[in-house]
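All remarks here apply to the structure that follows.
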Number of protein chains: 2
Amino acid sequence: MTQASKTGKARRSWQDIRDEIHRRVLSRRYKPGDKLPRDEDIAEELGCARSTVQRAMQDLNDAGIVERKRKGGTQVRPDPVTRATLDIPITRVEVEARGARYGYQMLASGRETTPAPVAAAFGLAAPEEMLHIEALHLADEAPFILEDRWVSLATCPEIANVDLSVKSANEWLVMHKPYDRMDLRFYAVNASGAMAARLKLREGAALLVIERSTWIGDAPITTVRSVTTPGYQLLTGS
Amino acid sequence: MTQASKTGKARRSWQDIRDEIHRRVLSRRYKPGDKLPRDEDIAEELGCARSTVQRAMQDLNDAGIVERKRKGGTQVRPDPVTRATLDIPITRVEVEARGARYGYQMLASGRETTPAPVAAAFGLAAPEEMLHIEALHLADEAPFILEDRWVSLATCPEIANVDLSVKSANEWLVMHKPYDRMDLRFYAVNASGAMAARLKLREGAALLVIERSTWIGDAPITTVRSVTTPGYQLLTGS
DNA sequence: GACTTTTTTATGTAGCTACATATTAATGAG
DNA sequence: CTCATTAATATGTAGCTACATAAAAAAGTC
């Protein structure tokens with residue numbers, strides 16, 4: 001038996017408060033740019049403690065619904081942004097989630113000096129020798145994602161001893177080299193001749209590219225350019 | 001003068017606790033899949049209240065670093081995901097942030113019955129008459145984003161009276177029709193003849209497309225397909 | 001009037017208690 | 001031994017107090 005059913009009066013949870021405030025924003029009782037009452041007044045009005053309002057407001061703030069400033073109070077965000085959370089799983093998990101058989105092929109691997117774009121992605125002052133890996137992820141034997149990865153040997157010397165021909169660098173890194181900071185970007189490219197050949201599709205096809213760089217502290221770990229196959233879509237989790 | 005400087009001993013904030021736990025995950029003292037001590041023990045070890053650990057853990061949970069279950073305890077996420085938050089601003093704001101002059105052109109507007117793909121995006125059982133708008137966002141007079149939008153007249157009858165030839169439907173909607181639920185997807189397309197003509201580029205160019213549908217409750221508000229121009233990149237905020 | 005300092009005030013945080021809730025683990029019935 | 005019931009336990013939440021902090025507003029100062 002819940003407390004609500006015992007006392008006959010439901011205790012309002014912070015989610016209830018959050019939803020009530022959200023409703024008021026949605027119903028335009030509080031309009032974009034409007035200042036909201038102070039937490040204490042809302043608490044009194046809705047019959048709960050200030051800490052409960054605080055919790056609710058935190059959440060609305062994180063969600064981009066309101067903006068809070070010390071002393072300045074709370075206001076409805078005047079320039080609404082579309083905020084979304086993306087979860088990008090390991091490719092193997094993604095393929096398996098689609099009910100397909102996962103496959104992995106290392107295409108090339110070796111030590112090379114970082115070309116300018118890679119050094120730029122890492123924000124390196126000078127080029128550096130890194131591990132360069134090209135690999136293909138397969139779903140039911142068909143090419144799924146082509147990845148072009150650079151791994152800093154200065155930050156991850158251990159990876160030199162890992163057999164990356166059977167297991168992807170992604171999996172090894174994700175389990176052994178947690179990161180601190182990440183940079184993600186998405187854009188579209190026309191398949192080059194080399195890409196088309198490796199992904200077995202016509203040259204010029206529009207492909208979604210996911211670029212990701214990770215650091216631990218200031219030390220670069222890895223930067224990957226993942227070229228997806230036609231039809232690939234990135235979806236938000238909400 | 002802060003309390004820390006007065007007492008000589010800093011009070012540890014929940015962020016300190018969070019960072020300490022995070023460090024332990026990063027340093028692999030707690031490895032993926034490992035079970036963490038109970039909040040109370042961590043609190044005692046680090047010299048703070050359980051509520052502080054709770055707050056820290058909440059944050060790590062939201063960030064996808066750990067997973068918590070009642071009674072089950074806390075464990076380091078065994079299948080690390082790359083979690084990122086995307087903020088997509090109004091196009092006008094985005095253009096202005098780049099230091100360019102924003103321009104807007106309505107290309108076409110009228111009432112039409114939703115074709116199958118649009119009905120599907122909304123999860124509609126039956127096609128419906130909606131407002132269909134094609135418009136172009138410009139940055140310094142050059143095409144920037146081409147949008148193809150459907151607005152539910154059932155949910156937003158007021159929009160019929162808005163002059164959408166000078167101000168984008170996006171701006172009006174964002175200020176007057178807050179949403180509840182959103183669906184976002186990103187993919188790449190080759191520019192069709194029509195797209196190429198409107199965006200003034202060659203047919204077949206790879207373009208990043210952002211598709212967004214919004215609802216209030218179960219009622220559909222709008223669905224937009226925004227076709228960006230070459231070179232456009234979506235970046236994460238973190 | 002322009003500038004600096006002080007006060008005020010709304011949000012932010014730490015710590016505590018008490019209880020809720022979801023599981024797991026232990027126990028008991030058959 | 002299997003299944004249902006009960007107890008134990010880690011996290012989740014509400015409410016309270018006290019204080020910290022940032023920023024606006026007010027009060028001084030030149």
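Note that this is a predicted model, so its numbers are computed, not measured. Just so you know, these numbers use all the heavy atoms, side chains as well, and skip hydrogens, waters and symmetry mates. In what follows, chains are A, B, ... by sequence order, proteins preceding strands, each numbered from 1.
Spacing between atom CZ of B:R55 and atom C1' of D:dA14 amounts to 15 Å, rounded to whole angstrom units. To the nearest angstrom, C1' of C:dT11 lies 14 Å from CD of A:Q75. For the pair A:E67 CD and C:dT11 P, the computed distance is 14 Å after rounding to whole Å.
B:W150 and B:M130 make their closest contact through CE3-CB, 3.9 Å (heavy atoms, listed as atom of the first residue, atom of the second, distance).
With no hydrogens or angles considered, a side-chain donor-acceptor pair links B:R24 and B:Y30 at under 3.5 Å. Neither side chain, B:S226 nor B:R212, offers a donor N or O lying under 3.5 Å from an acceptor on the other.
For B:R185, the side-chain contact (heavy atoms from CB on, under 4.5 Å) test picks out A:Q233, A:L235, B:D183, B:Y187, B:E211, with sequence neighbours left out.
Using a 4.0 Å heavy-atom criterion, one finds that B:Q15 contacts the sugar-phosphate atoms exclusively. Here A:T52 lies in heavy-atom contact (under 4.0 Å) with sugar-phosphate atoms only.
Ring pair B:H137/B:Y102 is tilted by interplanar angle, where 30° to 60° counts as tilted.
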Dump every N/O contact between nucleotides 9-12 of chain D and the protein below 3.5 Å, one line per pair.
unit_1	atom_1	unit_2	atom_2	d
D:dT9	O4'	B:K71	NZ	3.3
D:dA10	OP2	B:R38	NE	3.2
D:dA10	O4'	B:K71	O	3.4
D:dA10	N3	B:K71	N	3.3
D:dT11	OP1	B:D39	OD1	3.3
D:dT11	OP1	B:T74	OG1	3.2
D:dT11	OP2	B:D39	N	2.8
D:dT11	O2	B:R70	NE	3.3
D:dG12	OP2	B:Q54	OE1	3.0
D:dG12	OP2	B:R68	NE	2.6
D:dG12	OP2	B:R68	NH2	2.4
D:dG12	O4'	B:R70	NE	3.4
D:dG12	O4'	B:R70	NH2	2.7
D:dG12	N7	B:R50	NH1	3.4
D:dG12	O6	B:R50	NH2	2.7

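Atom CD of A:E44 has 12 or fewer neighbouring heavy atoms from other residues, nucleotides or ligands inside a 6.0 Å radius.
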